[in-house]
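One structure below.
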Amino acid sequence: MQLNKIREPRTHEGAKAKRIDPYQQLRRAVCSCFLWEKEFYESGQDIAERIQELVARVEPQDAANLAVEVRTRHNIRHAPLLLAACLAKGRGSDPATTRSVINNVIQRADEMGEFLSLYAQVNRTEPWEIKQILSRRVKLGIADAYRKFDAYQLGKYNRKTAITLKDILRLCHPKPEDKDQSALWKRILDDTLESPDTWEVALSAGADKKETFTRLLSEGKLGYLALLRNLRNMDEAGVDDKLVRDAILARKGAYRVLPFRYVAAAQACPRMEPYLDQALCDSLENAPVMSGKTIVLIDVSGSMWGRVSGRSDLTRMDAAAALGAIVKSDDLRVFTFSEDVVEVPPRIGMAGIDAIKNSQPNSMTRLGNAVQQMNGIPHDRLIVISDEQSHDSVPDPICERAYMINVASYRNGVGYRKWTHIDGFSENVLKFIGEYESLQ
């Protein structure tokens, strides 16, 4: 009798993938994950279930560190909340660590309720029954987080959701730091907390759109992400161009805006692209310049056109192209690959993004062929940006400084062994390369 061979892992397009340990699998799943959102090859539900299974297989401290990293460095909201919920459910995690992780991954007031809803889900209970399963560590972590938020932050998210801010006060009993905070929380319990001055509140109350955006921009009260997401609304409402341009260029509060958000804003309001381009380039002013000859190889295959979320027109292609167009090096060459390999001008900003996205037809992922061609070109550093779902086998790189940046959450990938593997699509993945090389 012949023993069954262990099934070789493969990418969704058929190439042999690399075997990786549970922690590496967990990183793949969460570092570029918009939770519950379907990707090109896998459903959001499958990815979420895999995350839960993997948390149980890794060291609790590793999962805890990863949750905080993904929230604070990669600026992803929901996947870290799921990691924290899984840790809170597990019996092997240290109570103090769990408490700290919950506090650190909750950085917006609405995330307290979102975390508790996820905690109910991983414990297979309903949100309204959560009181029966709340552990002391969870109550303390939520209490720590609650104390971080002021009247504006709490008022902005004081909504009728499955678990409200009032519910959380009654469930977790946080201790106020002073009389002012005690009074603030009493207004939440009494349903007398004032709604803050935000564009959502003003417009939902029937305020004039032009007057609302003009006032908030003039008073510096419109967040940068809200600015980018509302450019079309402001354009259609007739808000003064100079006021909008100045706000774009000021980049107030832009430190957490992912590079591809500028792409989305330019798609929504094309005539503002020159100012968005300048803002994107200005954000790179202090970015390190990589030494030597750098090749950037970007995946433009069909699967990269999968949207990052069901409510967004942004794609993995936008994320990859935005990363490819912000690399700075002494000597830079940029290529795209799908069925073929095409060299594009090494431009920074929107011009580089357009060159990458429009470089060739989008078909299969022949990453192996592309790497083989790059191996024939002298270089000091190779950076591949891809979802790693190669159709053909991928050879080892010829240089020691070879990086595979994965921008999707699929189970299997090819960029391990002699590759330095990086998961995520924020500009921090490029900062990591500089930090990593400085330690070598």
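- Note that CZ of Arg28 and CD1 of Ile47 are 10.5 Å apart. Values are rounded to the nearest 0.5 Å.
- Residues Val138 and Ile102 share a closest heavy-atom pair of CA-CD1, 3.9 Å.
- Annotation for Thr212 and Ala202: closest pair CG2-CB, 3.6 Å, computed over non-hydrogen atoms.
- Note that the CZ atom of Arg27 and the NE2 atom of His74 stand 5.5 Å from one another [nearest 0.5 Å].
- Sorted by first and then second residue, the side-chain hydrogen bond (donor to acceptor under 3.5 Å, both in side chains) pairs involving residues 220-230 (not counting sequence neighbours) are Asp197-Lys221, Glu219-Lys221, Asn230-Asn233.
- Without hydrogens or angle criteria, Ser338 side chain to Met364 main chain gives a donor-acceptor distance under 3.5 Å.
- No side-chain heavy atom of Arg10 sits under 4.5 Å from any side-chain heavy atom of Asn412.
- Residues passing the salt bridge (charged side-chain N to carboxylate O under 4.0 Å, His left out) test with Glu343, sequence neighbours excluded: Arg333.
- Put simply, the side chain of Met304 does not reach to within 4.5 Å of the side chain of Asn362, judged on heavy atoms.
- Asn103 is not listed as a side-chain neighbour of Arg99, based on a closest heavy-atom distance of 4.5 Å or more.
- Formation of a donor-acceptor pair under 3.5 Å by the Asp387 side chain with backbone atoms of Gln389 is found in this model.
- Taking 4.0 Å as the cut-off between side-chain N and carboxylate O, Asp94 and Arg137 do not count as a salt-bridged pair.
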Verify side-chain contact (heavy atoms from CB on, under 4.5 Å) between Ile377 and Gln373, making sure each step is shown before the conclusion.
CA-CA 7 Å; Ile377 301 173; Gln373 290 193 43; 6.0 Å; no
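- Taking 4.0 Å as the cut-off between side-chain N and carboxylate O, Arg50 and Asp46 do not count as a salt-bridged pair.
- Closest approach of Leu87 and Pro60 over heavy atoms only: CD2-O, 3.6 Å.
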Show your reasoning for whether side-chain contact (heavy atoms from CB on, under 4.5 Å) applies to Met317 and Phe260.
CA-CA 9 Å; Met317 174 73 69; Phe260 63 77; over 6 Å; no
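- Although no hydrogens or angles enter the test, the distance criterion places a donor-acceptor pair under 3.5 Å between the side chain of Lys89 and the main chain of Val122.
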Going through the distances and angles, do Thr315 and Asp318 end up as a side chain to side chain donor-acceptor pair (under 3.5 Å)?
CA-CA 5 Å; Thr315 64; Asp318 293 317; 3.2 Å; yes
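- Judged by distance alone, the side chain of Asp423 and the main-chain N or O of Cys31 form no donor-acceptor pair under 3.5 Å.
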Step by step, would you call Lys209 with Val239 a side-chain contact (heavy atoms from CB on, under 4.5 Å)?
CA-CA 9 Å; Lys209 189 178 290 187; Val239 177; over 6 Å; no
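- Residues that satisfy the side chain to side chain donor-acceptor pair (under 3.5 Å) test with Thr294, not counting sequence neighbours, are Ser329, Arg381.
- Annotation for Glu59: atom CD does not count as buried by contact number, only 12 or fewer foreign heavy atoms lying within 6.0 Å.
- Put simply, OG on Ser386 and CG on Leu297 are 8.0 Å apart, with the number rounded to the nearest 0.5 Å.
- Although no hydrogens or angles enter the test, the distance criterion places no donor-acceptor pair under 3.5 Å between the side chain of Asn428 and the main chain of Lys431.
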Under the side-chain contact (heavy atoms from CB on, under 4.5 Å) rule, what do Gln153 and Lys148 come out as? Steps first, then yes or no, please.
CA-CA 9 Å; Gln153 295 164 314; Lys148 295 190 294 188; over 6 Å; no
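- For Asp392 (side chain) and Asn369 (main-chain N/O), a donor-acceptor pair under 3.5 Å exists by modelled atom type.
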Enumerate, atom names and distances included, each donor-acceptor pair closer than 3.5 Å involving a side-chain atom of residues 110-118, sequence neighbours excluded.
unit_1 : atom_1 : unit_2 : atom_2 : d
Asp110 : OD1    : Arg108 : NE     : 3.1
Asp110 : OD2    : Arg77  : NH2    : 3.4
Asp110 : OD2    : Arg108 : NH2    : 2.7
Glu111 : OE1    : Gln107 : N      : 2.7
Glu111 : OE1    : Arg108 : N      : 3.1
Glu111 : OE2    : Arg71  : NH2    : 3.0
Glu111 : OE2    : Arg77  : NE     : 2.8
Glu114 : OE1    : Arg77  : NH2    : 2.7
Glu114 : OE1    : His78  : NE2    : 3.3
Glu114 : OE2    : Arg77  : NH2    : 3.1
Ser117 : OG     : Gly113 : O      : 3.1

Going through the checks in order, is the salt bridge (charged side-chain N to carboxylate O under 4.0 Å, His left out) test met by Glu435 and Arg73?
CA-CA 14 Å; Glu435 293 169 1; Arg73 289 180 63 88; 3.7 Å; yes
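- Between Ile142 and Ile106 the shortest side-chain heavy-atom distance falls below 4.5 Å.
- For the pair Tyr146 (side chain) and Leu165 (backbone), a donor-acceptor distance under 3.5 Å is present.
- Taking Asp396 as the reference, Arg417 meet the side chain to side chain donor-acceptor pair (under 3.5 Å) condition, with sequence neighbours excluded.
- Looking at Gln360, its side chain never comes within 3.5 Å of a backbone N or O of Val341 through a donor-acceptor pair.
- Annotation: the span from Leu231 atom CG to Phe213 atom CZ amounts to 9.5 Å, rounded to 0.5 Å.
- Taking a 6.0 Å sphere around CD of Glu273, one finds it holds more than 12 heavy atoms contributed by other residues, nucleotides or ligands.
- A pairwise comparison of heavy atoms in Tyr275 and Leu249 identifies O-CD2, 3.6 Å as the closest pair.
- Side-chain atoms of Asn375 come within 3.5 Å of backbone atoms of Ile398 as a donor-acceptor pair (strictly under, hydrogens ignored).
- The backbone N or O of Trp419 sits nowhere less than 3.5 Å from a side-chain atom of His421 that would complete a donor-acceptor pair.
- Side-chain contact between Leu323 and Val296 is absent, with no heavy atoms from C-beta onward closer than 4.5 Å.
- No side-chain heavy atom of Val263 sits less than 4.5 Å from a side-chain heavy atom of Leu280.
- Between the side chains of Tyr416 and Glu388, no donor-acceptor pair of N or O atoms lies under 3.5 Å.
- For the pair Leu66 and Tyr23, the minimum side-chain heavy-atom distance is below 4.5 Å.
- A 6.0 Å sphere centred on NZ of Lys328 holds more than 12 heavy atoms belonging to other residues, nucleotides or ligands.
- Ile383 contributes atom CD1, which lies 7.5 Å from atom OH of Tyr403 (distance to the nearest 0.5 angstrom).
- Residues Ser301 and Asp299 bring a donor and an acceptor atom of their side chains to less than 3.5 Å of each other.
- Listed here is the closest heavy atom pair of Ala325 and Ile356: N-CD1, 4.2 Å.
- In this structure, Thr420 has no side chain to side chain donor-acceptor pair (under 3.5 Å) partners at least two apart in sequence or on a different chain.
- At least one side-chain heavy atom of Leu26 sits under 4.5 Å from a side-chain heavy atom of Ile51.
- For the pair Ile295 and Met374, the tightest heavy-atom approach, listed with the atom from each and the gap, is CG2-SD, 3.6 Å.
- Atoms CE and NZ, on Met404 and Lys418 in that order, are 14.0 Å from each other to the nearest 0.5 Å.
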